[in-house]
Amino acid sequence: TDAPVTMEIISADEIRSSGARQLTDLLARVPGLEVRNTSSVTGEVSIRGYNGPKTPRLLVLVNGRQVFNDSYNEVNWAAIPVQMEEIRQIEIVKGPNTALFGFNAVSGVINIITFSPFYDDADSMTVRVDNEGSLQGGGVVSFHPTENVGVRASLGGWSIAEFEDLPLDPRTGSNPRNENFAFGVEAGIQLSSSTQLSLETTRSEVYRLERTPVSTDTLVDITTSSYRSRLVHDGDFGLISGDVYYNESTAEYGLLTTTPTTVATSLLSARVEDLFKVGTDHTFRVAGEYRSGESTINSTLTPLITTEVTVMSLSGMWNWAVNDKVSTTLAVRVDSMDRQSDTFAQFFFGGSALDDDATEFSYNAGLVWKPTAESTFRFQAARGLQVPSFSMLSIAANPETSVVNNYSVDYDRALSGINGQARFSVFYQENLDMTSLAMQPIMPGLGVPTGPNFGDSETKGIEVSLEGEIGSHID
């Protein structure tokens with residue numbers, strides 16, 4: 001690929017031939033990705049290290065829509081409302097990419113792309129049953145009710161028994177069983193030869209065992225829903241798009257009492273961008289985005305905690321095809337954040353509520369050099385941002401945004417003999433003002449969660465991968 005980023009792509013054929021039942025099973029096969037399974041249906045995923053419970057460094061998208069949850073800066077993999085059968089490809093971009101995709105893309109980005117209701121025909125169904133009594137099924141169907149309208153619909157779920165020897169659920173008195181149900185519908189409308197409108201809604205419900213940020217095993221009910229509208233126009237001023245979506249999720253954690261702790265999170269995002277060319281060698285993208293997020297924590301053990309964050313962002317990208325062998329890309333982004341939050345210190349220790357603002361910038365720079373048709377060098381530098389989670393704003397005393405500086409060099413070599421390629425990557429990463437949820441003891445056997453900026457860290461590494469075909473049946 002000539003893209004100025006380190007990218008891996010998993011195709012629909014690879015997904016189908018892998019036999020993977022869950023997204024985390026599939027991602028575990030990608031070089032540079034670390035998957036820490038917490039059950040057969042979910043886990044923690046990181047790129048190039050720093051994995052842990054509710055890892056906050058990886059931005060996950062579905063068709064460009066954030067499914068990364070701002071409450072704990074986490075990804076609930078089991079709650080992503082996508083069936084394996086409807087995925088056209090998965091793009092994995094390694095390294096900080098805040099300027100290109102948004103903050104919290106500090107270790108990388110995973111964008112799950114589904115079949116298009118405009119162009120793709122997708123009709124598939126899968127059912128799995130095992131000898132332990134677990135059941136899983138999913139499917140996707142696409143159709144065109146009129147010549148200018150396309151629809152894609154998916155439905156699926158699972159019920160898996162794997163923790164029956166653990167203590168009973170105090171809320172239901174039954175053994176824990178991981179269960180999921182999800183559906184999604186997207187309609188694409190061709191308004192004219194140059195204008196498309198897409199409307200989408202999704203919903204997922206998950207009941208599963210989870211390890212929380214305070215390191216206790218608990219059963220959690222998670223419900224997510226999303227609503228999205230996207231308008232794209234290809235005209236004289238470039239490819240102009242407007243994208244508005246609303247995410248909401250509710251998680252009920254069964255901790256110490258029979259009344260669960262409820263964490264409710266919502267996000268409204270509105271984005272406008274224009275992608276256009278100047279001459280034949282220069283491509284530009286300018287974009288503006290508005291985000292408004294809110295989170296509430298409600299428990300019998302604590303007062304109602306409310307956090308609100310508003311973000312205004314401006315970004316730009318310039319790609320210059322210097323010649324047929326060299327191209328460069330520079331992307332910059334500025335985020336202006338207004339943050340207000342109740343705090344635990346305010347209620348328990350007479351502290352004050354949080355009311356502050358912050359402005360941060362990020363960049364991605366890349367140069368691609370193709371000395372021969374078979375060889376590609378890729379040089380990259382980036383500054384990424386990991387902003388504090390909503391829960392951390394209510395816990396920590398004025399947490400700082402973590403900054404990640406990254407430098408990397410890739411070499412790709414096409415291998416025609418096996419219809420594949422070899423890749424060698426070297427990277428160095430500097431992490432400043434890292435944060436993590438932790439427990440602060442206040443007396444023997446009792447602690448409170450904290451979220452301090454605990455220090456800096458460096459990491460460096462080498463990745464080597466080889467892919468291709470052996471004969472006509474082995475990839």
Side-chain angles (χ1 to χ4, degrees), residues 1-7 59 61 63-66 68 91 93-111 113 194 196 228 230-245 267-293 309-323 326-338 357-369 378-387 401-408:
T1 176
D2 293 341
V5 293
T6 306
M7 178 184 290
L59 180 63
L61 311 169
N63 298 322
R65 177 182 68 84
Q66 173 182 313
F68 177 94
E91 299 173 349
V93 185
K94 300 177 182 178
N97 281 275
T98 298
L100 293 170
F101 294 93
F103 44 64
N104 287 62
V106 292
S107 69
V109 180
I110 295 178
N111 190 17
I113 300 175
S194 59
Q196 293 179 337
R228 185 183 191 185
R230 187 167 188 260
L231 183 68
V232 179
H233 175 73
D234 191 358
D236 296 337
F237 297 98
L239 186 66
I240 302 174
S241 62
D243 190 1
V244 179
Y245 65 81
L267 169 66
L268 172 65
S269 172
R271 176 183 171 90
V272 177
E273 75 169 45
D274 186 11
L275 180 68
F276 59 95
K277 294 181 72 73
V278 176
T280 58
D281 300 329
H282 300 274
T283 302
F284 294 88
R285 186 188 72 183
V286 293
E289 183 179 4
Y290 168 81
R291 295 163 58 93
S292 177
V309 177
T310 302
V311 182
M312 297 290 292
S313 305
L314 293 175
S315 63
M317 183 201 72
W318 170 40
N319 175 264
W320 177 23
V322 181
N323 53 45
V326 177
S327 64
T328 65
T329 299
L330 175 64
V332 295
R333 177 180 170 118
V334 177
D335 292 289
S336 177
M337 295 169 278
D338 178 71
D357 54 67
T359 299
E360 302 283 356
F361 84 95
S362 54
Y363 77 89
N364 283 83
L367 184 146
V368 178
W369 174 42
R378 200 175 292 105
F379 305 89
Q380 302 171 68
R383 183 182 195 265
L385 304 175
Q386 179 188 329
V387 299
T401 297
S402 300
V403 175
V404 179
N405 297 311
N406 187 83
Y407 311 93
S408 63

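Bear in mind that the values here come from a model prediction, so they are computed numbers and not experimental data. This chain uses plain numbering: 1 for the first residue, then up along the sequence.
A side-chain donor-acceptor contact under 3.5 Å links R333 and S313. Side chains of Q66 and S269: no donor on one and acceptor on the other come within 3.5 Å.
Closest of all the heavy-atom pairs between P96 and A382 is O-CB, 3.5 Å. The shortest heavy-atom contact between G384 and V106 is C-CG1, 3.9 Å. Taking all atoms of both residues into account, the shortest heavy-atom contact from V109 to A105 is CG2-CB, 3.4 Å. Nearest heavy-atom pair across A331 and L100 is CB-CD2, 3.6 Å. For the residue pair Y290 and S292, the shortest heavy atom distance occurs at OH-CB, 3.5 Å. Considering all non-hydrogen atoms of both residues, A99 and R285 come closest at O-NH2, 4.1 Å.
The line from OG1 of T98 to CG of N406 is 11.0 Å long, rounded to the nearest 0.5 Å. Separating the CG atom in N63 from the CZ atom in R230 is a distance of 9.0 Å, to the nearest 0.5 Å. Of the inter-residue distances, the one linking D335 atom CG with T401 atom OG1 reads 9.0 Å to the nearest 0.5 angstrom. Here the CE atom belonging to M337 is positioned 7.0 Å from the OG1 atom belonging to T359, to the nearest 0.5 angstrom. Between the CG atom of L330 and the CZ atom of F284 there is a distance of 10.5 Å, given to the nearest 0.5 Å. Atom CZ of residue R291 and atom CG of residue L268 lie 10.0 Å apart, to the nearest 0.5 angstrom.
Q380 places none of its side-chain heavy atoms less than 4.5 Å from the side chain of N364. Within the 4.5 Å cutoff, no side-chain heavy atoms of T6 are placed close to those of V93. Counting only heavy atoms from C-beta outward, the side chains of Q386 and V404 never approach each other to under 4.5 Å.
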Check: residues 314-322 side-chain donor-acceptor pairs under 3.5 Å, at least two apart:
residue, atom, partner, partner atom, Å
W318, NE1, H282, ND1, 3.1
N319, ND2, T328, O, 3.3
N319, ND2, T329, OG1, 2.7

Show me the donor-acceptor pairs within less than 3.5 Å that the side chains of residues 235-242 make with the rest of the protein, sequence neighbours left out.
none

V403/L385 under side chain to side chain contact (heavy atoms under 4.5 Å, CB included): CA gap, chis, key distance, verdict: CA-CA 5 Å; V403 175; L385 304 175; 4.2 Å; yes
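Remark: the backbone N or O of F361 is paired with a side-chain donor or acceptor of R383 at under 3.5 angstrom. Looking at D338, its side chain never comes within 3.5 Å of a backbone N or O of S336 through a donor-acceptor pair.
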